[in-house]
Structure formats: C-alpha cells, structure tokens
4 protein chains.
Amino acid sequence: MQKADAADGGPAGATASGHQKRRARTERVVLDTTRELLAGSGFASLTIERVAERSGVAKSTIYRRYRSRNDLALAVLLDMLGDVSTLPYAKDTQTELTRLVNRTVDLMSNSLLGRIMQGLVSEVAADVELARTYRETVVAKRVREVTALVERGTARGELREGLDPELVTDLLLGPIYYRLFLSGEPLDEAFGQSLVAALYPAFAKDPQG
Amino acid sequence: MQKADAADGGPAGATASGHQKRRARTERVVLDTTRELLAGSGFASLTIERVAERSGVAKSTIYRRYRSRNDLALAVLLDMLGDVSTLPYAKDTQTELTRLVNRTVDLMSNSLLGRIMQGLVSEVAADVELARTYRETVVAKRVREVTALVERGTARGELREGLDPELVTDLLLGPIYYRLFLSGEPLDEAFGQSLVAALYPAFAKDPQG
Amino acid sequence: MQKADAADGGPAGATASGHQKRRARTERVVLDTTRELLAGSGFASLTIERVAERSGVAKSTIYRRYRSRNDLALAVLLDMLGDVSTLPYAKDTQTELTRLVNRTVDLMSNSLLGRIMQGLVSEVAADVELARTYRETVVAKRVREVTALVERGTARGELREGLDPELVTDLLLGPIYYRLFLSGEPLDEAFGQSLVAALYPAFAKDPQG
Amino acid sequence: MQKADAADGGPAGATASGHQKRRARTERVVLDTTRELLAGSGFASLTIERVAERSGVAKSTIYRRYRSRNDLALAVLLDMLGDVSTLPYAKDTQTELTRLVNRTVDLMSNSLLGRIMQGLVSEVAADVELARTYRETVVAKRVREVTALVERGTARGELREGLDPELVTDLLLGPIYYRLFLSGEPLDEAFGQSLVAALYPAFAKDPQG
DNA sequence: GACTAAGCGAGACGGTACGTCGCGTCTTAAA
DNA sequence: TTTAAGACGCGACGTACCGTCTCGCTTAGTC
C-alpha cells in the first residue's frame with residue numbers, strides 16, 4: 001500500500017479539514033465495496049474497474065490511493081484485521097495455544113479472510129512491497145502474540161526454556177496455511193485440537209505433563 | 001491439466017504412431033520454453049502469448065493441451081517433480097526426517113520450484129480442477145513418503161504409535177511453505193535442523209531419546 | 001470450382017471405375033451436407049470445418065475438391081441450378097416475361113437459392129475465379145434464355161426489333177436482385193407483375209398493345 | 001453503426017466538450033485509415049487489426065465505436081456518401097434520368113464506392129442491423145431523389161401519371177448493381193445511355209415523344 | 001487370392017483475426 | 001483541491017477456422 005499512516009493529520013492536527021473528511025469517506029466506500037466484491041465472487045474477479053463502477057468512486061481516484069488490486073486487497077485485509085486479535089489469555093498454556101490455533105483456523109475457514117489470503121498469497125510471495133507491508137503488520141503481530149504467550153508459559157514453568165517464538169509461530173500457523181493453500185484437507189476444530197495435541201509435547205518443559 | 005494419461009499408447013500399444021511422436025516433441029518444446037520463462041522473469045509475467053512466440057509453437061496448439069497458463073505452469077511443475085523425490089531412507093528416523101525436510105527446503109529455496117510454487121499457490125487454492133490435479137499428484141506423493149517413513153519409524157520402535165501421517169506431513173511441510181509464502185524468514189539448512197529438532201520430541205516414542 | 005467436369009471418365013470412358021464411384025459418393029455427401037448447413041444457419045456460418053464434421057468427410061478430402069468455402073457454396077448453387085430452369089414458353093411474349101420474372105422471384109424468395117445468392121454475391125463480385133465460373137454458367141444461361149425469348153417475340157411481331165438481350169436481362173433481373181440484396185422491399189408476385197407491366201411497353205413493338 | 005447521432009451535442013449544446021473533440025479526431029483518423037485500406041487492398045482484406053495498427057488508434061477504441069468491420073465499412077460508405085448526391089435537375093426529365101443514372105454508374109465504377117458496395121452487399125443482405133442503417137440512409141435517400149424527379153416530370157406532363165417511385169428506383173438502379181455485382185458487364189456511360197433509352201418509353205406519358 | 005494404387009479418415013500443426021477485458025494514464029469540468 | 005467522468009493506448013486473453021501436411025487404413029478392380 002502507498003500509505004499506512006493513520007494519524008497523518010493535516011496541518012492542524014486533530015481538526016480534520018473538509019478535504020480530509022472527503023478523503024476518509026471515499027476510502028470507506030472503496031474498502032467496503034471491495035470487501036463486498038471479494039465476498040461475492042472471490043479474489044480472482046476483483047477488479048479496480050468493477051470496484052469503481054459499483055462504488056461510484058472514479059477509477060482515477062482509486063488509483064491515487066492504491067497502486068494495484070493487490071494493494072487494495074491488502075488494505076481490505078488489514079482493515080478487517082484491525083479489530084481481530086488471536087489474544088489467547090487463559091489459565092494454562094495448552095489452552096492458550098488451543099485458543100490461538102482455533103481462532104486462526106476459524107478465521108481462515110469461516111470468514112472472508114481465508115478467501116482473501118488464498119487470493120493474495122501469491123502476490124505477497126512475489127511483490128516485494130506488498131510483502132514488506134504484510135510482514136510488518138500481520139506477521140509481526142502474530143509473532144508478538146506468540147512471543148507473549150511463550151514468555152508467559154515459560155514464566156509459569158509450563159514451557160521449555162529457550163523456545164524460539166518465530167519457530168513456534170511457524171509450527172502453529174504453517175500447518176493451517178498448508179491446508180488452506182495446498183492440501184485442501186479440512187480446516188476445522190478437530191484439526192486444531194490434533195495440531196496442538198501433537199505440538200504441545202514439543203514445547204512443554206515436562207512432556208509427560 | 002487436461003490429460004494425465006500415461007500408458008495410453010497408440011492403437012497397437014507400444015509403437016508410438018507418427019502423430020504421437022509429433023505431439024510429444026511439441027509438448028517438450030512447450031514445457032522447456034515455459035520453464036525458461038519462469039526462470040527468467042517469474043510466474044507473474046508468464047504468458048501463453050510469450051510461450052508461443054519464443055517456442056515457435058502456435059498459441060492454438062498450446063491451448064489445445066493446456067487450458068490456461070496455470071494449467072501449463074502446473075504441468076511444468078509436475079514435469080520437474082517427475083524425477084525428484086524426497087525419499088529419505090537412513091538408519092534412524094531423526095536422520096530421515098532431517099533429510100526429508102532439508103531436501104524440501106533446498107528444493108523450495110534453490111530451484112525454480114520455489115518460484116513456481118509461489119506463483120501457483122493462489123491458483124491452486126482457487127481453481128478446483130488445478131487443485132485436484134495438484135493434490136492427486138504432489139500432495140499424495142508427499143503423504144505416501146511420509147506414511148512410509150512413519151511406518152518404518154514405528155516398526156523400529158523409534159516413533160510413537162498411532163501417528164497420523166497426514167498431520168505429520170502438515171507439521172513437516174507447513175512451516176516450510178509458511179516461510180516461502182508469507183513470513184519471508186530464511187529458508188536454509190539451519191531452519192531445517194531446528195524444525196526437526198523441535199518436532200522430533202513430538203513424534204518420538206521416548207521423548208528423552 | 002476446381003472441376004466442373006462430369007463425364008471426365010477414367011481410361012475406359014463410360015465405365016466409371018470404382019475409384020470414381022467413391023469420389024462421386026463423397027461429393028454427394030459433401031454437397032448435401034453443405035446445403036443443409038446453408039439452409040440451417042445461413043451462409044455466414046458455413047464453414048469447411050463444420051461441413052467436415054457433420055458429413056463425416058475429412059477436411060483434407062474437402063480441400064482436395066474445393067479451394068474455399070466460396071467454391072463449395074458455388075458448387076452447391078450450381079448443383080441446385082442444374083435442374084431448375086426459367087423456361088418461359090407461352091402463347092404471347094408478355095406472359096412469357098411474366099413467367100420468367102415470377103419464377104426467378106419465387107426462386108430467390110422461397111428457396112435456399114436466395115440465401116445462397118445473398119451470401120455469395122460479395123464473393124462473386126470480388127473473386128475473379130469465382131466470377132468467371134458464375135458468369136460462364138449462371139449468367140450465360142439466363143442470357144441464353146432471354147435471347148431465345150426475345151427472338152421468339154420479335155419473330156411473332158410482338159417485340160421491337162433490335163432489342164439487346166443483355167440489356168433486357170439487366171432490366172428483368174436487376175430489379176429483383178436489387179430488392180434481394182439491398183432495398184429489402186418485398187419480393188413477391190405482385191412485384192413481379194408490376195415489374196413486367198412497367199417494362200413491357202419498353203420492349204413492345206406497339207406500346208399501345 | 002452503433003450511433004447515428006449528429007446534433008447530439010454535449011450537455012451545453014453547441015460547445016463541443018474536450019472529450020467530444022477527442023472522439024471526433026479519433027473517428028476521423030479511423031475512417032480515413034479504413035478508406036485507405038479499402039482503396040489499397042479491397043474489402044476482403046479489411047481487418048480491424050490492421051486499421052488499428054496503421055491508424056495508431058487502439059483496437060479497443062475502434063470496437064468501442066464500431067461493432068464489426070462491416071459496421072466500420074458502412075460508416076466509411078456513409079461518410080463518403082455524405083457529400084455526394086445524384087440530384088439531377090435539368091430542363092427535361094429524360095436528361096434528368098440520364099444524369100442520375102450516369103452519376104450512379106460513374107460512382108460505382110470509378111470511385112471506391114463500387115468496391116465497398118461489392119464487399120458490403122452480402123453483409124447488408126444478411127445482417128439485419130446493417131441493413132436497417134443502410135436502408136434508412138442510402139436507399140431512402142435515393143428513393144427521395146427519384147420521387148422528386150418523378151413528381152417534377154409528372155407535373156411537367158412528361159411522365160405518365162401514377163408511376164411508383166419505388167419501382168422506378170428499382171428499374172433505374174437494379175441493372176446497375178446487377179452488372180456491378182454479378183454479370184460483370186461493363187459499367188460505362190454507354191450502358192447508362194442505353195439503360196435510360198430503354199426505360200424512358202416505359203415512363204413517358206407519350207411514348208412517341 | 002494377393003497386389004497395387006487411388007481415395008480417404010484422422011488429426012497435429014502454424015497461423016491470423018476475432019471480439020473482450022481490464023489495466024493504468026491522462027484530460028476536462030464540476031463541486 | 002479533490003473528485004467524477006470518460007476517452008484512450010495497450011497487452012493478453014481464449015476461440016474459431018483457416019489451409020497444410022503426414023500417416024496409415026480401406027477398397028476396388030488387376031495380375
């Protein structure tokens with residue numbers, strides 16, 4: 001995306017000028033329309049042309065904000081992810097892991113996000129700019145969450161010391177995305193359960209526990 | 001891909017008719033050219049038009065065999081995968097796992113296959129036909145290998161009983177593809193090592209071993 | 001067309017060799033199929049490809065006989081015209097004229113011939129070879145008929161002396177084709193009547209008659 | 001053609017907006033290029049692709065205006081006919097007829113129009129839309145001219161009363177187009193002369209005159 | 001009763017143009 | 001200043017037929 005700034009602000013800071021309000025309104029319309037299109041006919045048929053047509057926003061206006069349809073789709077993804085969190089606080093770490101995994105599984109299989117991710121993954125993998133944004137926001141966020149979880153677990157004496165949070169993230173999310181993107185095996189709660197059940201011994205201080 | 005026939009044969013069986021020879025020659029040229037293009041400028045700029053131009057094979061002929069550029073790219077992928085195997089026989093299971101993982105990591109980071117996978121993943125995720133072919137060949141192959149590995153390990157008394165080969169596959173490959181597609185973290189031997197080191201306790205009969 | 005010969009004959013003349021019979025059978029099938037296609041969906045969608053498909057005759061076989069779809073369509077036209085004649089013998093010349101005109105009008109509006117002519121006219125006008133064949137057969141035939149009619153009429157004392165049969169042909173047929181091709185005005189018996197009624201004074205020895 | 005609007009005007013009427021100027025310029029370039037191509041290699045080898053290439057106007061832009069090459073060719077024809085008229089005012093009707101016929105003969109044999117007509121006639125005969133446009137403009141125009149001529153002639157007492165202008169048109173133009181399209185007989189002034197000479201008695205009040 | 005040659009079907013192929021879609025740029029005029 | 005409107009050049013799409021060519025099979029009449 002061209003801009004990730006939120007609190008850019010005009011010269012006067014808080015007092016949004018009229019122009020800025022206009023910008024904001026336009027942006028909302030565009031993002032909402034894009035989301036509808038994605039929900040309707042999938043990522044493959046997402047088109048700046050169609051977004052312009054259905055939203056009533058001129059094509060040139062959209063191009064002023066988003067460099068490409070990928071940029072736009074990513075913006076929607078970030079917009080949706082704004083609220084969502086996989087915040088997994090619980091009494092014990094295994095439960096926290098289960099919640100984190102199940103929340104992700106649910107997000108990917110039952111909301112628009114799964115479809116968007118499927119459509120966007122190739123672009124993220126190929127487009128450096130896109131990748132940068134994706135990693136700085138989404139990936140980093142997940143790693144932060146896992147890091148917190150790992151630290152908490154270690155402090156509680158439940159998790160082995162020296163666990164690499166990045167690797168833990170790979171292990172927790174990798175299998176989910178592998179199913180989402182490639183293997184086509186079911187993405188459901190049962191899967192989440194087995195996943196954590198299989199992984200926990202690898203993380204636990206006392207595997208017998 | 002439109003056809004997966006292997007031992008089709010002419011009316012008389014082994015003797016390839018003239019038509020078939022011609023077909024085969026054309027097919028080779030197309031696949032090779034496509035591979036070159038993929039190596040050169042990546043999946044995003046793969047175009048049937050360009051393949052036709054550079055290979056000297058008419059566009060219509062290409063379309064007679066491959067329904068789309070995805071179909072074609074998948075064909076190249078399968079063509080490349082024909083030889084390759086991750087067959088990981090070794091004395092002990094941990095070594096086998098390490099080999100399997102490292103071979104996959106290497107394939108994805110050092111050969112064309114990584115780029116092709118990056119470009120193709122969204123299409124596999126979206127196009128039902130493509131997905132079917134991909135799963136019936138590539139995914140199934142990997143699962144078969146892992147199944148063999150797991151059975152061997154269990155028989156040796158190294159691995160826990162009742163391991164689900166599908167889940168094991170998810171755990172072994174998921175993290176690799178997650179790095180390849182999304183996180184952008186390095187895909188190298190060190191990663192392979194840590195991956196197996198982290199997972200082995202989860203698979204082993206006696207985690208202490 | 002490449003060949004208009006009928007009694008070409010093999011080495012032995014009258015005794016059609018087996019090969020020739022085969023040829024003839026194939027030719028019939030092709031012509032009949034072509035006619036059906038023309039009747040069905042019109043000249044515009046006449047295609048060698050389709051003729052081959054529906055007739056079961058190989059494309060290459062068709063190309064061995066006809067150089068193009070125009071060639072083929074003209075062959076059908078000549079085939080149909082083989083039987084047909086506008087032979088207009090009657091007691092008086094005005095009746096003969098009326099018959100000739102009405103027969104032509106009928107042919108053009110009620111049989112396949114009208115559609116074929118509509119589709120073929122541009123090709124005849126543009127393709128020299130096609131034109132030559134068309135003129136040597138169809139046009140010449142009509143002129144011969146009109147010539148006979150004019151001579152008979154003059155001999156009977158009904159028609160003016162020195163009438164140019166070619167011009168008479170132009171005058172009799174031109175208006176019909178003009179309606180068929182361009183003006184779209186109705187082609188019916190009423191039109192035929194008015195046409196002859198208007199022209200007769202121009203041809204008659206004694207216009208008052 | 002898709003649009004026949006002439007005095008459409010922008011929202012404000014007379015002042016052509018910038019967009020409209022651009023449109024008009026593009027249109028001129030396309031029509032001129034098409035005319036050149038028609039003059040050069042004839043209707044048969046008229047191709048939207050080539051028009052685009054030579055004119056520098058994009059194929060898509062051409063398709064935005066003209067539905068097909070026929071549509072485009074017809075547009076050129078109408079464009080050329082815009083100026084031309086066969087208005088044949090003279091002192092006596094026979095001269096007027098001669099002028100009208102000779103002007104048409106000349107137009108068809110010595111200008112591009114003849115070639116265009118030859119190429120277009122089949123399409124006009126087959127394509128309903130095309131036919132409608134052709135008839136509403138060209139055919140109707142000719143009929144109007146002939147109607148005026150007939151009325152004048154009748155008022156002068158030179159022509160028979162009750163002549164059907166449509167039939168007169170058929171008789172005057174039919175033979176010309178018959179030669180142009182089918183018979184291949186010469187289209188020259190001599191022919192025009194004989195044509196009128198032959199027809200005049202059919203129209204005249206007093207054939208002896 | 002096998003031989004021979006014309007006729008044929010099958011089908012792969014290179015090629016041209018089609019008509020469509022969406023891209024991203026640019027200009028203009030209104031708000 | 002920002003926007004809507006919209007014309008445009010461009011590249012690729014996937015399709016339809018073209019006309020050519022090569023390959024063996026069928027099928028008569030011949031030796």
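What you see below is based on every heavy atom in this structure, not just the backbone, and it leaves out hydrogens, waters and symmetry mates. None of the values given here were measured: they were computed from a predicted structure. Every chain is numbered from 1, with letters handed out A, B, ... down the list of sequences.
Whole-Å rounding puts the D:Ile48 CD1 to E:dC18 C1' distance at 10 Å. Between the NZ atom of C:Lys21 and the C1' atom of E:dC8 there is a distance of 18 Å, given to the nearest Å. The separation between B:Arg25 atom CZ and E:dA12 atom C1' is 11 Å, rounded to whole Å. As a whole-Å value, the separation of D:His19 NE2 from F:dA7 C1' is 7 Å. A straight line from CZ of C:Arg23 to P of F:dT27 spans 18 Å, rounded to a whole angstrom. At whole-Å resolution of the value, CZ in D:Arg67 and P in E:dC18 are 15 Å apart. Rounded to whole Å, atom C1' of F:dC18 lies 13 Å from atom CG of C:Leu46. Summarising the geometry, the separation between CG on B:Leu37 and P on F:dA12 is reported as 11 Å, rounded to the nearest angstrom.
Across E:dG11, E:dC13, E:dC18, the shortest atom-to-atom separation from the side chain of B:Arg65 is found for E:dC13. Comparing atom distances between the D:Thr47 side chain and each of F:dC18, E:dA12, E:dC18 picks out E:dC18 as nearest.
Looking at D:Arg69, its side chain does come within 3.5 Å of a backbone N or O of D:Leu46 through a donor-acceptor pair. With hydrogens and angles disregarded, a donor-acceptor distance shorter than 3.5 Å links the side chain of C:Ser122 to the backbone of D:Ser122. No donor-acceptor distance shorter than 3.5 angstrom exists from the side chain of C:Arg115 to the backbone of C:Phe43, with no hydrogens or angles considered.
Of the residues in residues 53-62 of chain A, those with a non-hydrogen atom less than 4.0 angstrom from any atom of DNA chain E are A:Lys59, A:Ser60.
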Exercise. Passes side chain to side chain contact (heavy atoms under 4.5 Å, CB included), B:Glu123 versus B:Leu74? Steps please.
Worked result: CA-CA 10 Å; B:Glu123 319 293 338; B:Leu74 181 52; over 6 Å; no
For this session: Could you give me the CA-CA distance, side-chain angles and deciding distance for C:Arg54 and C:Asp32, then say whether salt bridge (charged side-chain N to carboxylate O under 4.0 Å, His left out) is met?
Result: CA-CA 10 Å; C:Arg54 295 216 194 172; C:Asp32 289 348; over 6 Å; no
For this session: Run the numbers on A:Glu129 and A:Arg132 for salt bridge (charged side-chain N to carboxylate O under 4.0 Å, His left out), then give the verdict.
Result: CA-CA 5 Å; A:Glu129 268 309 293; A:Arg132 213 174 48 78; 3.4 Å; yes
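Judged by closest nucleotide on DNA chain E, B:Ala24 is the one of B:Ala24 and D:Glu49 placed further toward the 5' end. If you find the closest nucleotide of DNA chain E to A:Ser68 and to D:Arg69, the one lying nearer the 5' end belongs to D:Arg69.
Counting non-hydrogen atoms under 4.0 angstrom, D:Arg50 reaches the backbone sugars and phosphates but no base.
No hydrogens or angles considered: a donor-acceptor pair under 3.5 Å links the side chains of D:Thr61 and D:Arg64.
When the side-chain nitrogen and oxygen atoms of C:Arg64 are compared with OP1 and OP2 of E:dC8, none of them lie within a distance under 4.0 Å. Listed pair C:Arg22 / F:dT27 fails the phosphate criterion, with no side-chain N or O lying under 4.0 Å from OP1 or OP2.
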